[in-house]
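Data first, discussion second: the structure below is written as structure tokens.
Atoms considered below: every heavy atom in the structure, side chains included; atoms not considered: hydrogens, waters and symmetry mates.
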Amino acid sequence: MDVNRKLLDLFNTSYNEFFAIKNIKELLDQNGFIELKEKDEYSISCGKSYYILRDGSSIIAFKVPSNLKELYFKIVASHSDSPTLKIKENPTIIQNGYNKLKVEKYGGMIIGPWLDKPLGIAGRICYKNNNEIVTRLVNFDTNLIIPNVAIHQNREINNGFVYNPQVDLLPILGLKEDDLFVEMLDETKKEGEEILSYDLSLYNKEKAIYGGFNDEFIYSPKLDNLASAYISMMSLVSSLSYEGISLAVVFNNEEVGSSSLNGADSDFLTINLKRIAKSLGFSNDELLRSYAKSFLISLDNAHAIHPNHPEKSDDKNKCFINDGVVIKHNSNMLYTSDSVSTAIIKTIASKERVRLQTFYNRADERGGSTLGNISLTHVSIRSVDLGIPQLAMHSNYEVIGSEDTLSAYNLLVGLFNSSLEIDKENIVVK
């Protein structure tokens, strides 16, 4: 598989979490995975591959080996959402000849890069057709912009200007006095349909590209965390998975705390682990015992050392782009890595000849958190936090290394192809 070429293609149609999951579903369909629906009884057989969608913005995919001797899980968890601007209900403002939209921030975004560049609108719309509610994904063929105030009228713009989301982040849709947003929505309706509600957000229309003199980099919106989500699914597709159940889960809403219908703080993973085990004929006790034998990677991007601000990194644990996958540590358990889980992943990486790096925040700064420790409150599985090093995290155009994507892919294929014996006095990785 040409990992980076596939990633670029996927990034360029990843307008938001709904389209990202749609892309993953299509990848799995093309590779023989069978869809299971949570409303139906599961019928799962050894030697086959399956996936489960929830709310169109999260997905679990897994492979069952042909000869499943022992129940345990090899899991990679990531997320589909990224910081963005979401469109409110009744968003239209017509003011001084400009037709603008009311939005609100989603997640901990860097605001500045959202201004002065072409933005699109995409998401899902719910329609009523007689007594039926129909949901469709939409990507509007229009360009919006959020203009900065000229420096001649805002001399403080380069002196730490603070953007007010209620005032400064209103995208311009056009100049007409009509409600252009409603007109745009109406064009998506089919005969007999009425629009009930929507989940629509803005996205950066700049394309994902290679960067650097020797294509060392990949530049794209939403690298945090679609790079991890897509690589986890691509590695699952390519893996052989001889022993244990190999599983990749992509949650939603990590950027706002994971407390949602299909976030890491939901029952999405735990319920489906139970249903998978039951369909394969394992008892609840055998499932609970399997957790002690299982392993989970929380895969979310990490901070590379910044070219202009190296002082932001710990001086003894610097992470460099294209120098390998990052193991993330935090003594307050914002990351789940400990000595045992680190030893396991180092063993797999050595077997696959994948380089690893170590990340700690500076001791005088609090870093971000991710979904690994939240997942463990629902299902207690030995876990490690990993990431691809990147620059400009939570900007709307980010940077990763084109070699690190391959390292992450090879490491995850190695995990899925490994045989693990974790519930032993001495752990065995083969």
Original post:
Is Asn322 reaching over with its side chain to a backbone N or O of Glu216, donor-acceptor style, under 3.5 angstrom?
Top reply: yes
Original post:
Taking all non-hydrogen atoms of both residues, which atom of Tyr50 and which atom of Ser45 are closest, and how far apart?
Top reply: OH-N, 2.8 Å
Subject >> Residue list, salt bridge (charged side-chain N to carboxylate O under 4.0 Å, His left out) with Arg275, at least two apart or on another chain >> reply: none
Subject >> Leu412 and Leu299, any side-chain heavy atoms less than 4.5 Å apart >> reply: yes
Subject >> From CA spacing to verdict: side chain to side chain contact (heavy atoms under 4.5 Å, CB included), Leu7, Leu226 >> reply: CA-CA 9 Å; Leu7 283 174; Leu226 290 186; over 6 Å; no
Subject >> Residue pair Leu376 / Ser380: nearest heavy atoms and the distance that separates them >> reply: O-OG, 3.4 Å
Original post:
So, do Leu27 and Met234 sit near enough that their side-chain heavy atoms are less than 4.5 Å apart?
Top reply: yes
Subject >> Qualifying ring pair (Phe, Tyr, Trp, His ring centres under 6.0 Å) pairs with a residue from residues 13-35, counting only residues at least two apart or across chains >> reply: Tyr15-Phe19, Tyr15-Tyr203
Original post:
When you look at NZ of Lys346, are more than 12 heavy atoms from neighbouring residues, nucleotides or ligands closer to it than 6.0 Å?
Top reply: no
Original post:
Among pairs that include at least one residue of residues 149-175, which meet ring pair (Phe, Tyr, Trp, His ring centres under 6.0 Å), considering only residues two or more places apart or in two chains?
Top reply: Phe161-Tyr163
Original post:
In this structure, are over 12 heavy atoms from other groups packed under 6.0 Å from Lys430 atom NZ?
Top reply: no
Original post:
Just checking, Lys86 and Tyr106: is the charged tip under 6.0 Å from the six-membered ring centre and within 45° of the axis?
Top reply: yes
Subject >> Side chain Thr270, main chain His378, donor-acceptor under 3.5 Å >> reply: no
Subject >> Derivation and outcome, salt bridge (charged side-chain N to carboxylate O under 4.0 Å, His left out), residues Arg289 and Asp285 >> reply: CA-CA 6 Å; Arg289 295 195 335 246; Asp285 185 63; 2.7 Å; yes
Original post:
Does anything in residues 61-85 pair up under salt bridge (Lys or Arg N to Asp or Glu O under 4.0 Å), and if so which pairs, sequence neighbours excluded?
Top reply: Glu70-Lys293
Subject >> Flag side-chain contact, heavy atom, 4.5 Å: Pro221 against Leu223 >> reply: no
**OP:** For the residue pair Asp300 and His79, confirm or rule out a side-chain donor-acceptor distance under 3.5 Å.
**Re:** yes
Original post:
Are any of the side-chain heavy atoms of Glu255 and Pro83 separated by less than 4.5 Å?
Top reply: yes
Original post:
Given side chains that start at C-beta, do those of Ile209 and Phe217 come closer than 4.5 Å, heavy atoms only?
Top reply: no
**OP:** Decide yes or no on salt bridge (charged side-chain N to carboxylate O under 4.0 Å, His left out) for Asp364 and Arg362, but give the supporting numbers first.
**Re:** CA-CA 5 Å; Asp364 54 1; Arg362 284 176 55 106; 2.7 Å; yes
**OP:** List the steps and the verdict of side chain to side chain contact (heavy atoms under 4.5 Å, CB included) for Phe282 and Leu287.
**Re:** CA-CA 7 Å; Phe282 292 97; Leu287 171 68; 5.8 Å; no
Original post:
If you look at every heavy atom in Ile422 and Ser294, which pair is closest and at what distance?
Top reply: CD1-O, 3.5 Å
Original post:
Looking at side-chain heavy atoms only, is the closest gap between Glu398 and Tyr219 below 4.5 Å?
Top reply: no
**OP:** Measure the CG-NZ distance between Asn96 and Lys100 for me, rounded to the nearest 0.5 Å.
**Re:** 7.0 Å
**OP:** Kindly indicate, with the supporting measurements, whether the criterion salt bridge (charged side-chain N to carboxylate O under 4.0 Å, His left out) is fulfilled by Arg124 and Asp55.
**Re:** CA-CA 11 Å; Arg124 68 178 178 186; Asp55 196 42; 3.1 Å; yes
Original post:
Run the side chain to side chain contact (heavy atoms under 4.5 Å, CB included) check on Leu8 and Tyr210 step by step: do they pass?
Top reply: CA-CA 8 Å; Leu8 289 173; Tyr210 284 110; 3.4 Å; yes
Subject >> Short side-chain donor-acceptor distance under 3.5 Å, Ser228 and Asn225 >> reply: yes
Original post:
Crowded around Tyr42 OH? As in, over 12 foreign heavy atoms under 6.0 Å?
Top reply: yes
**OP:** Over 60° means perpendicular and under 30° means parallel, so classify the ring planes of Phe181 and Tyr198, tilted if in between.
**Re:** perpendicular
Original post:
Which residue, Lys222, Met109, Lys117, forms the side-chain contact (heavy atoms from CB on, under 4.5 Å) with Asn396?
Top reply: Lys117
Original post:
Could you give the distance from OH (Tyr242) to CG (Leu68), rounded to the nearest 0.5 Å?
Top reply: 15.5 Å
Original post:
Roughly how far, to the nearest 0.5 Å, is CD1 of Ile59 from CG of Leu28?
Top reply: 5.0 Å
Original post:
How about Leu386 and Ser298: do any of their side-chain heavy atoms sit closer than 4.5 Å?
Top reply: no
Original post:
Okay, side chain of Asn154, backbone of Ala150: is any donor-acceptor separation there less than 3.5 Å?
Top reply: no
Original post:
What residues form a salt bridge (charged side-chain N to carboxylate O under 4.0 Å, His left out) with Glu38, not counting sequence neighbours?
Top reply: Arg54
Subject >> From Leu247, Leu273, Leu236, residue fulfilling side-chain contact (heavy atoms from CB on, under 4.5 Å) relative to Phe62 >> reply: Leu247
Original post:
Where is the tightest heavy-atom contact between Asn139 and Ile121, given as atom of each residue plus distance?
Top reply: OD1-O, 3.5 Å
Subject >> Nearest heavy atoms of Ala208 and Phe11, plus distance in Å >> reply: CB-CB, 3.7 Å
Subject >> From CH2 (Trp114) to CG (Leu202), nearest 0.5 Å >> reply: 6.0 Å
**OP:** Show your reasoning for whether side chain to side chain contact (heavy atoms under 4.5 Å, CB included) applies to Tyr98 and Leu173.
**Re:** CA-CA 8 Å; Tyr98 295 107; Leu173 186 55; over 6 Å; no
Original post:
What pairs of residues pass the ring pair (Phe, Tyr, Trp, His ring centres under 6.0 Å) test when at least one of them lies in residues 306-344, not counting sequence neighbours?
Top reply: His306-His309, His329-Tyr360
Subject >> Stepwise side-chain hydrogen bond (donor to acceptor under 3.5 Å, both in side chains) check, Ser418 with Lys351 >> reply: CA-CA 10 Å; Ser418 292; Lys351 184 162 62 84; 3.1 Å; yes
Original post:
Hey, is CG on Asn159 packed in by over 12 heavy atoms from elsewhere, all under 6.0 Å?
Top reply: yes
Original post:
Do Leu53 and Ile21 come within less than 4.5 Å of each other through their side chains, counting heavy atoms only?
Top reply: yes
**OP:** To the nearest 0.5 angstrom, please state how far the CG atom of Leu240 sits from the OG atom of Ser66.
**Re:** 10.5 Å
**OP:** Compute whether any side-chain donor of one residue and acceptor of the other, for Ser238 and Tyr409, lie under 3.5 angstrom apart.
**Re:** yes
Original post:
Rounded to the nearest 0.5 Å, how far apart are OG1 of Thr370 and CG of Leu334?
Top reply: 10.0 Å
Subject >> Minimal non-hydrogen separation, Ile345 against Ile297, with atom names >> reply: CD1-CD1, 3.6 Å
Original post:
Between Asn253 (side chain) and Val256 (backbone), is there a donor-acceptor pair under 3.5 Å?
Top reply: no
**OP:** Please indicate whether Lys205 has more than 12 foreign heavy atoms, meaning atoms of other residues, nucleotides or ligands, lying under 6.0 Å from its NZ.
**Re:** yes
